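Single-structure report; data block below.
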Amino acid sequence: MTDATPPDYRDTVFLPKTNFPMKAGLAQKEPGILDRWRNTKVYERLRAARRGRATWILHDGPPYANGDIHIGHALNKTLKDIAVRMATLRGFDAPYTPGWDCHGLPIEWKIEEQYRKKKRDKREVDPIEFRRECREFAQKWVDVQSAQFQRLGIMGTWDQPYLTMDYEAEAVIVEEFLKVAGSGRLYQGAKPVMWSPVEQTALAEAEVEYQDVTSTQIDVVFEISEFPEVPELVGAKAVIWTTTPWTIPVNRAIAYGEAFDYLVIGKEDCRYIVAEPLVGAFLKRAEVFPRNEDGDPPSLEDLLFGKIADVPPPILIKGTALEGAVARHPLHELGGFYAEPRPFLPGEFVTTESGTGLVHLAPDHGEDDFRLCKEHGIDPMFVVDEAGVYHTDWPVVGGHHVYKVNAVDGPVCSALSGAGGLLAATADYTHSYPHSWRSKAKLIYRCTPQWFVRMDAEAGADGDAGPDTRSLREIALAEIDKTRFVPERGHKRLKSMVEGRPDWVLSRQRAWGVPLTLYVHKESGAFLQDDAVNARIVAAVREGGADAWFAADHQALLGDAYKAADYTPVTDILDVWFDSGTTHAFVLESGKWPDLSSPADLYLEGSDQHRGWFQSSLLESCATRGHAPYKALLTHGMTLDKNGRKQSKSLGNTTDPKKIIDAQGADILRMWVAAVDYTEDHRIGDEIITGIADRYRKLRNTFRYLLGALGDTTPDVMPADRMPELERWALHRLTEVDTKLRAAAEAYDWTSYLVTLEQFAGADLSSFYFDVRKDSLYCDALDDPKRLACLSVMDTLFHALVRYAAPILAFTAEEVWQSRFPSDDDSVHLKEWPEIDAAWADEALAVKWERLRALRGVVTEAIEPLRREKTIRSSNEADVALVLSDAEALGDVKSVDFAELAIVSRVDVRADAIGGAEAAPAYDGAWVRVDPTELEKCARCWRHTPDVDTGTQLCGRCRDVVKP
RNA sequence: GGGCCGGUAGCUCAGUUGGUUAGAGCGCACCCCUGAUAAGGGUGAGGUCGCAAGUUCGAAUCUUGCUCGGCCCA
């Protein structure tokens, strides 16, 4: 060795060369890639290229067009895009048409809010103008969201999306509604809704706000007239408690809790029934017994221990004893309606938190009341009008407003008191009560006529449901069983929801939406069913949108066969879920998007859509077509914050997708989508995104290394059987990876897909294959067979990996592709799944090389202590002695250039023990010893070999390479 | 309150029919290289598997209860 500076052979080494930058700069780069895709019409060219192939159709569930997209939208659309691109990669013709839900309440609100700011009253505005403003508002947000979705790299027919407010769509919605009407499943019924007497309109739950009010609370007695379980208690008085005295005049029944105990208290001629836990509170309100010696109202204990003069201890009865009992309304002496019997009904909603454990039921004015009464054949009375005023002919309260009759000395209390039915009344009960979001006025529940779709066979009717005599519920349940669910648990969830759901209420008393285009006969109440009339209605809507119904010349629509004067046109608006429930009709079937067809291969939405779109689409399609509009349903969970809490603006824990895109790039967001387990609720936060960015960089650098190694060459393909074992092992691993990726793609399991890809790129390639082959790649002659084999494998790996990555890292894969194959209009997304030669699979080789890698680990582990004590620096400086007790392992190591694999100077493998060798902790039957090598270092390849020339300081191999 | 679901290293995820010392990648710490260099290689430290009972020779895995969180409903 000389003291002179070693010759510099750097220029003779074949280092990786690429212009592909290590730093991604995605936020800046991605918009340019999007422009390229748009300008070169990649989506359209894909359609042409895949024409005639098997189709795979994802039908887009429409987001609501009323604001910027949030992380949930980003997740949903990205999952869709990954699925579509994956299907495309696998050779399917997978078109994608995005859509928007445009009708409905939230948009109406926004417009009304604008009116309020301008001090305009909505009722003064022409409905047509109002609807036009709603339309413009929706269109604005469609455009905004479209740009935001496209920025995520979502591929589809963005220049031709579907909108539920398109005239054509509105026409099909009407057409579908009329089909449902014609199926015999549509009926008019009633239902209590939140009603504002001030605005004289129904309100949705979201329009309601709760404020504290002080109400009159009253305790009222209903004398029991029939008591089958306990006949001796006939004449006892059931006590009910209410904070809405105005509902007493329309009482129809009394609910009790079957699981509760009730006490019968008082003397034989005047006994009260109250739930046991509530007796104490009742006795304080209604002083039905003399005060005790302390001057207080008697307590339950006083009663139980007989401390009240002449009052016997209470009798306990079970709630179930009330079955079949019947009471009289306290005003029964007025006759008529009031004289009818009031049955006791078991109600699951009855609690012992307040009141008396007995609940008076007014089906007109309460949801629980309505439902329980309906189950027992008791109908509402409809005696409160739109303004909240009783019909003038109703006894006691006729002509009064419901809010004007509640005073302690008002007509209700007075009448009850006069009839001996009032035990207590005080205007001092403070509680939370619903108010109108707009007018701040108090609300009431009020039964209103609504249109329903019947889920079950009509009781007692033979029906006219066409050839399919099953009920809608039966059809839907059968279709659910035929559907594939990802994840599987969605099956149970949707099924149980459909099993338990009530009839579908289609009507809404609103303005912005598609009308229920029905003519109701004024005398019979039946709606008109006439194909010719229906055809004219549909044609009118197709021509002028849903407005056509509100501004219609109804006589013209009805034609000569009917007189407009005989019919009332319905002005209700369809539930927006009906709109989106018909997208399969106006998108998949319409022919406007000829690539699409029904049923779809997949609907992909958040788990909240089990209640929403999955169900409305299923029911609509089953009602009109007898089958589901989809073959498979994929559901994703909700995105929570970094701590697993729900994201909300008020908590300030939301993650804005735009911020991630602007700071890190859409590919980072896409990679996050693939990395998390979307089948469950999952999290997002700074730390998580940083972690994803780190993983991205690792993958990106693997591509960069491949690009550098391959340079601008296109290596000749070398048959595997002429390659070294290491290359054959790499190809074998590729077959395994390919199989795993295919399975993961088939299962929509992007988490495992991505992990498989990353581990292959990281653990197998970067830290092993590339590391070992660096020497050959950099230093061997350009025509060296080993080097050529390596390049051939790298070329194969490049083509496989870039395609595998493309559906997830859509932008980066394109950048990688363009870096190697620059062109004006080519795209990695036009390529198909790589063809991996099945003959590359070699299980025996895999077993052998797994062992070799484990033994390589033994060596690297043994080198580490010498490195720490600075005995050696590079592993190239190590001489390794490896003792193996297992003959097979010994044979394996001897059959390869193990020093090359372990990147050390020399390896002495032997079966017999050697001094200083220590047992390898991670490998039974292996002992290892590492010494610093005495061999000289080649100045070019930096390996320590026996043949380094003292003059040139080159090893034999390098002398040959640099010779000319 | 009801239906469904989940809680495994700092983070994202694996954990097969219950069976040795619960794994991977990333991050972190330390070391090496300086010819993938705002890269690359190596070594290592991190977990009483949400908590508590129970079944079992044996539980992250099965049962029950509790708790925290989510979706839907009331």
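Note that the structure is predicted; figures quoted are calculated from it, not measured.
Of the side-chain N and O atoms in R645(A), one or more sit less than 4.0 angstrom from OP1 or OP2 of G69(B). Regarding contacts with the backbone of G35(B), every side-chain N or O of K774(A) stays at 4.0 angstrom or more from both OP1 and OP2. Applying the 4.0 Å criterion to OP1 and OP2 of C11(B), one finds that K642(A) has every side-chain N and O outside that range. The side chain of Y9(A) places no N or O atom within less than 4.0 Å of a non-bridging phosphate oxygen (OP1 or OP2) of G35(B). Contact annotation: R10(A) reaches the phosphate of G35(B) (side-chain N/O to OP1 or OP2, under 4.0 Å). For U43(B), one of the phosphate oxygens OP1 or OP2 lies less than 4.0 angstrom from a side-chain nitrogen or oxygen of T860(A). The phosphate of G41(B) has neither OP1 nor OP2 within less than 4.0 Å of any side-chain N or O from S875(A). For the OP1/OP2 pair of C5(B) and a distance below 4.0 Å, the side-chain nitrogens and oxygens of R489(A) include no atom meeting the criterion. Residue K698(A) has a polar side-chain atom (N or O) positioned under 4.0 Å from OP1 or OP2 of G40(B).
Summarising the geometry, atom NE2 belonging to H610(A) is positioned 9.0 Å from atom OG belonging to S496(A); distances are rounded to the nearest 0.5 Å.
Across A60(B) and C51(B), the matching P atoms stand 11 Å from one another, rounded to whole Å.
Distance CG (L754(A)) to C1' (U12(B)): 10 Å, rounded to an integer number of Å. With rounding to whole Å, E680(A) atom CD is found 11 Å from U8(B) atom P. One interatomic measurement links the two molecules: CD1 of I872(A) to C1' of G42(B), which rounds to 11 Å at whole-angstrom precision. Whole-Å rounding puts the D11(A) CG to G35(B) C1' distance at 11 Å.
The base of G42(B) sits with one of its N or O atoms less than 3.5 Å from a complementary donor or acceptor on the side chain of E864(A). With hydrogens and angles ignored, no donor-acceptor pair under 3.5 angstrom links the side chain of R493(A) to the base of C5(B).
Note on N701(A): a base of the nucleic acid sits closer than 4.0 angstrom, heavy atoms only. Nucleic acid contact for R501(A): none, since no nucleic acid atom lies under 4.0 Å from a heavy atom of the residue. Within 4.0 Å (heavy atoms only), G708(A) reaches no atom of the nucleic acid at all. Nucleic acid contact class of V13(A) (heavy atoms, under 4.0 Å, all strands): base. Counting non-hydrogen atoms under 4.0 angstrom, K23(A) reaches nothing in the nucleic acid.
Side-chain rings of W942(A) and Y778(A) stay apart, their centers remaining 6.0 Å or farther from each other. Taking the six-membered ring for Trp, H636(A) and Y678(A) have ring centres at least 6.0 Å apart.
Both thresholds, 5.5 Å between centres and 30° between ring planes, are met by W942(A) relative to the base of G35(B), so the two rings are stacked.
Using a 4.5 Å heavy-atom threshold, the side chains of C779(A) and R940(A) count as touching.
Side-chain proximity of M22(A) to U43(B), A14(B), A38(B): nearest is A38(B). Considering only side-chain atoms of L640(A), the nucleotide from C4(B), A36(B), G69(B) that sits closest is G69(B). Set against G41(B), C13(B), G35(B), the side chain of S766(A) has G41(B) as its closest nucleotide.
Side-chain atoms of Y696(A) and T812(A) include a donor-acceptor pair closer than 3.5 Å.
In G58(B) the base sits anti relative to the sugar, since the glycosidic angle is further than 90° from 0.
For the pair R508(A) (side chain) and D575(A) (backbone), a donor-acceptor distance under 3.5 Å is absent.
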